[in-house]
Amino acid sequence: MAETVKLTINGKQIEAEKGTLLIEVARQNGIEIPAFCYYQNLSLQAACRMCLVEVEKTPKLQVGCTLPVAEGMVVHTDSEVVRQSRKGMVELLLTNHPLDCPVCDKGGECELQDMTFRYGLGESRFVERKQHVDEEQWSPVVYFDRPRCIMCYRCVRVCNEGLDVTALGVGNRGVVSQILPNFHDHLECDECGACIDICPVGALTSGAYRYKTRPWEMHHVGTICTHCADGCRTTLGVRNEKIIRGNNRDSSGINGEFLCVKGRYAFDFTEHPERLQSPLMRAGGRLEPVSWSQALEAVAKKFIEVKQGSGHFGVIGSCHTTNEENFYLQKFARQVLGTKNVDHHRSGDLATLFDALTDRGKVLATVEDLANAKAVLVVASDLAQQHPMLANQIRASRRLRGARVYTVTPGPVREDKNAVASVRVQKGGELAGIESLRDKLKAESDLTIVFGDAIQGESLRKLIAFGDSLGLAVKYICLVDYSNSRGAFDMGLIPRDGGLSREQMLARDLDVLWVVGANPLKEVRGESKAGFLVVQDLFLTETAQRADIVLPAASAYEKTGTVTNVCGEVQKLKAAINVMGPKADLEIMGLIAREMGPAAVRTLGMWLPDKVFEEIRKTVHGYDVPMPVVATGGAAPTMPLNGRVAALPGSISSAGDTLFTSGTLGRYSKVLNSVMESPGALYEEKGRHS
Amino acid sequence: MLAAYPEGRKRSAVVPMLIYAQDETGAVTPELIAEVAKRCEVEPLQVDEVVGYYSMLHRKPLGKYHVQVCTNISCLLVGGEELYEHAKKKLGIGNKQVTADGQFSLEEVECMGACSWAPAVEINYDFHHYVTPERLDQLIDALRKAN
Ligand code: SF4
Ligand code: SF4
Ligand code: SF4
Ligand code: FES
Ligand code: FES
């Protein structure tokens with residue numbers, strides 16, 4: 001334990017670690033020192049003077065947010081002079097504040113409102129006219145209303161320090177100073193909305209949310225982002241069965257407050273006009289809407305027919321559907337349809353990873369491990385683009401705990417900026433690049449290696465051998481693409497025991513190809529080779545367009561279940577909205593089974609997420625996770641390292657999404673397509689904004 | 001110049017670099033901002049912040065002689081404001097304006113740290129203390145003649 005000091009706050013004896021900031025010590029002891037500009041984990045600003053307190057034996061009021069506690073300090077946070085000074089501060093902040101709370105997005109959850117209510121004077125001595133400046137639109141998602149700004153610089157610091165983007169700055173000085181976007185009249189940045197989120201007032205507002213609702217008219221649903229594999233927790237604000245806001249202000253979840261542009265805004269695909277509302281069946285060469293019962297009956301009939309005729313099935317699953325759905329699907333394929341041809345789009349070589357590391361215990365890093373890592377090596381990934389939250393975690397580790405970062409990538413990445421060493425390599429040269437860092441890495445006390453799809457098969461085994469040879473504790477994160485890519489693998493949507501891989505299935509004339517939440521024919525021209533194509537999806541994708549039957553599916557924001565993130569942590573989805581036409585994939589599968597007859601249902605069990613999860617916990621390697629953790633919205637790490645894993649046929653490659661794309665879902669998100677940075681590119685100088 | 005700063009502190013050179021560059025080019029242009037940002041390894045926006053903050057950095061070219069009259073409290077008490085009014089009349093220009101011949105520009109500035117010798121005027125880098133309207137006339141006339 002570090003050296004401690006004894007001090008007194010408001011007559012209360014307190015012991016605290018020496019050097020801690022007074023404002024933090026007070027908070028930890030349940031004493032509020034009001035603050036605007038102070039923000040945990042950002043640099044100190046001492047700009048707002050809201051935190052002034054009285055410290056005995058010092059002549060003037062002291063700034064609580066920058067004052068380290070010292071032995072014998074006697075502090076008063078609620079004396080008459082402190083109260084007076086707060087009143088003065090609030091009065092000053094309000095001199096040119098428009099007080100348009102009734103129409104301001106922030107009204108009801110505004111820190112300035114709260115402070116005025118609690119600490120304000122209740123009246124103002126200023127009678128001068130207020131200076132009005134029109135609001136400015138800086139990007140499709142960021143608006144700035146200058147008169148509301150209280151110059152706390154939180155936005156500037158979060159963008160500069162938190163995101164490492166530095167798109168916001170302060171122009172001029174004194175009373176005319178103002179927040180500025182990096183391109184004079186507009187922003188070119190990550191469009192992450194962190195600045196909006198952190199703004200204590202309604203000065204920065206969100207293009208997607210502004211003027212849509214009063215905050216108290218929404219209800220809030222905590223669930224998991226459905227885009228990349230990082231598994232950020234997002235709190236969706238819902239009104240009238242519409243999602244209108246995504247944020248994570250309560251810092252629940254592994255991402256803290258962080259969300260990227262996709263997590264914060266790209267829920268809008270749920271209400272895209274092209275969303276499928278009814279099942280479609282091919283009639284006379286065209287897909288025509290039919291009822292659910294007709295469609296399900298037709299699918300079941302075909303499945304039975306092909307099975308009885310000993311025909312061939314192929315099943316391709318999704319990287320977005322829940323663990324329950326993936327489990328049910330592979331069980332359906334193997335036990336009801338009797339096929340081993342099961343796969344999904346694999347974007348990381350988990351089979352080799354699990355096999356090579358088998359029985360090693362905790363060598364797969366969780367997000368928290370990454371946060372505590374002393375050194376991180378990023379290989380073959382443009383992390384800030386492809387895994388925004390992991391990248392954010394690494395930035396925080398470096399900034400707050402001095403983690404040392406290394407990059408080995410084919411082009412420039414944002415992580416280079418603060419890296420100890422960066423090596424540029426051609427594809428295939430990654431291992432040589434890593435080797436060149438050997439001496440530096442050897443000197444670290446621990447290391448987490450985060451690697452992309454270029455490292456697979458033999459090179460992955462070599463990477464692990466390299467890790468072993470360093471003689472320090474090494475942990476790994478194998479990057480995969482989407483919200484449940486990891487779960488798809490773990491649940492068994494893989495061609496093990498001699499099944500056909502995804503590519504093989506597409507190349508064969510199978511009797512039935514059943515595609516759930518994937519778009520494997522995107523790049524394939526012409527007709528589908530399969531005799532009969534059944535597709536479950538949200539949209540009429542390239543694959544769905546060629547289907548014989550299309551069943552409209554619910555998105556992750558419309559159903560319950562669990563997903564497993566890139567680090568193998570299981571988290572729970574909670575339905576934010578109900579949909580009328582589409583059904584959850586699990587239910588669709590269950591209903592197909594029911595149509596096929598009682599034997600199928602007996603084999604598969606009920607299609608209830610909780611029931612299926614129970615079975616997963618009992619039967620899937622490493623998924624015996626503690627229920628309370630998952631049920632209460634926590635992230636439960638899985639332990640998949642037990643037993644050898646056989647190599648699988650088929651290819652492994654990342655779809656290469658950028659910060660502004662997200663496979664099919666991204667194509668149907670208006671916000672993602674509206675920002676000028678979209679679609680963006682990986683490994684580009686420009687992407688680093690510097 | 002960057003060598004004068006400790007490792008990893010290139011951004012500290014932003015202010016002096018801007019001043020020297022401004023002396024050469026006459027004003028801080030967007031191109032200059034971009035160049036300084038590149039050399040000091042910061043974002044152009046961060047250089048822009050500095051330009052907006054410091055009153056001695058100018059985005060538009062100044063006169064050959066930049067007359068800065070302080071009207072902050074100490075100078076104000078002993079005639080700074082009258083001096084500034086006088087300068088306006090004498091030069092025929094207002095705050096931050098340049099004479100037609102490009103010789104003089106005028107600026108009303110805040111405290112320059114010369115309070116003990118108020119009222120103070122700074123012309124380019126030269127300080128003038130206890131300045132009276134007559135003394136200001138002499139200074140300006142002398143500069144006019146020098147050309
Ligand atoms: S949206 Fe994100 S990247 Fe853009 S200015 Fe705001 S904080 Fe910075
Ligand atoms: S825009 Fe908001 S966060 Fe930024 S300085 Fe103003 S009040 Fe603070
Ligand atoms: S980092 Fe990934 S999981 Fe997090 S908000 Fe962005 S897309 Fe969603
Ligand atoms: S919180 Fe201390 S000065 Fe703003
Ligand atoms: S007030 Fe004029 S120099 Fe200080």
Side-chain angles (χ1 to χ4, degrees), chain A residues 43 45 47 136 138-139 142 144 146 149 151 153 155-190 195 384 398-399 402 404-405 412 414 416-422 685-690, chain B residues 2 5-15 17-19 22 27-60 62 68-76 94-96 107-113:
Chain A
S43 64
Q45 190 78 40
E136 296 164 29
W138 285 347
S139 85
V142 184
F144 182 55
R146 184 167 142 200
C149 173
M151 294 308 282
Y153 312 112
C155 54
V156 177
R157 283 175 289 156
V158 80
C159 188
N160 185 345
E161 299 162 18
L163 279 302
D164 227 338
V165 172
T166 317
L168 296 173
V170 189
N172 303 319
R173 62 195 272 181
V175 285
V176 291
S177 54
Q178 77 159 100
I179 303 303
L180 290 178
N182 55 356
F183 283 79
H184 177 63
D185 59 350
H186 73 277
L187 277 170
E188 289 179 34
C189 65
D190 277 7
C195 49
R398 186 196 57 77
R399 201 172 79 248
R404 295 155 57 81
V405 181
R414 192 180 302 168
D416 291 343
K417 193 164 149 196
N418 295 301
V420 180
S422 294
E685 201 73 38
K686 194 163 173 286
R688 299 187 301 142
H689 317 289
S690 55
Chain B
L2 290 170
Y5 294 88
E7 177 69 22
R9 298 286 161 137
K10 285 191 179 157
R11 68 182 295 175
S12 302
V14 167
V15 174
M17 199 181 276
L18 281 170
I19 291 184
Q22 172 176 273
V28 182
T29 57
E31 296 75 39
L32 181 62
I33 291 181
E35 182 59 30
V36 172
K38 206 163 108 202
R39 291 198 194 181
C40 297
E41 291 172 15
V42 293
E43 296 292 324
L45 178 68
Q46 291 171 310
V47 177
D48 218 64
E49 292 180 314
V50 170
V51 178
Y53 188 84
Y54 287 104
S55 57
M56 74 274 196
L57 295 169
H58 303 271
R59 293 180 203 267
K60 294 220 182 75
L62 301 168
Q68 300 150 72
V69 185
C70 172
T71 56
N72 210 302
I73 186 78
S74 307
C75 294
L76 178 109
N95 192 27
K96 296 191 183 167
E107 187 176 0
E108 177 181 12
V109 297
E110 305 299 332
C111 179
M112 316 185 280

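Just so it is clear: chains get the letters A, B, ... in the order the sequence lines come, proteins before strands, and each one is counted from 1.
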Q: Are there more than 12 heavy atoms of other residues, nucleotides or ligands under 6.0 Å from atom CZ of B/Arg39?
A: no

Q: Select, from A/Val156, A/Asn172, A/Asn160, A/Leu168, the one with the greatest count of heavy-atom pairs under 4.5 Å involving chain B.
A: A/Asn172

Q: Is A/His184 atom NE2 crowded by more than 12 heavy atoms from other residues, nucleotides or ligands, each under 6.0 Å away?
A: no

Q: Counting heavy atoms not belonging to B/Tyr54, are there more than 12 under 6.0 Å from its OH?
A: no

Q: Inspect the surroundings of CZ in B/Arg59 and state if more than 12 heavy atoms from other residues, nucleotides or ligands are less than 6.0 Å away.
A: yes

Q: Please round to the nearest 0.5 Å and tell me the distance separating atom CG of B/Leu45 and atom SG of A/Cys159.
A: 9.0 Å

Q: Let's test your reading of the structure: which of B/Glu41, B/Gln46, B/Glu49 forms the most heavy-atom pairs below 4.5 Å with chain A?
A: B/Glu49

Q: Starting from the C-alpha separation in whole Å, work towards a yes-or-no answer on side-chain contact (heavy atoms from CB on, under 4.5 Å) for B/Glu43 and A/Asn182.
A: CA-CA 9 Å; B/Glu43 296 292 324; A/Asn182 55 356; 5.8 Å; no

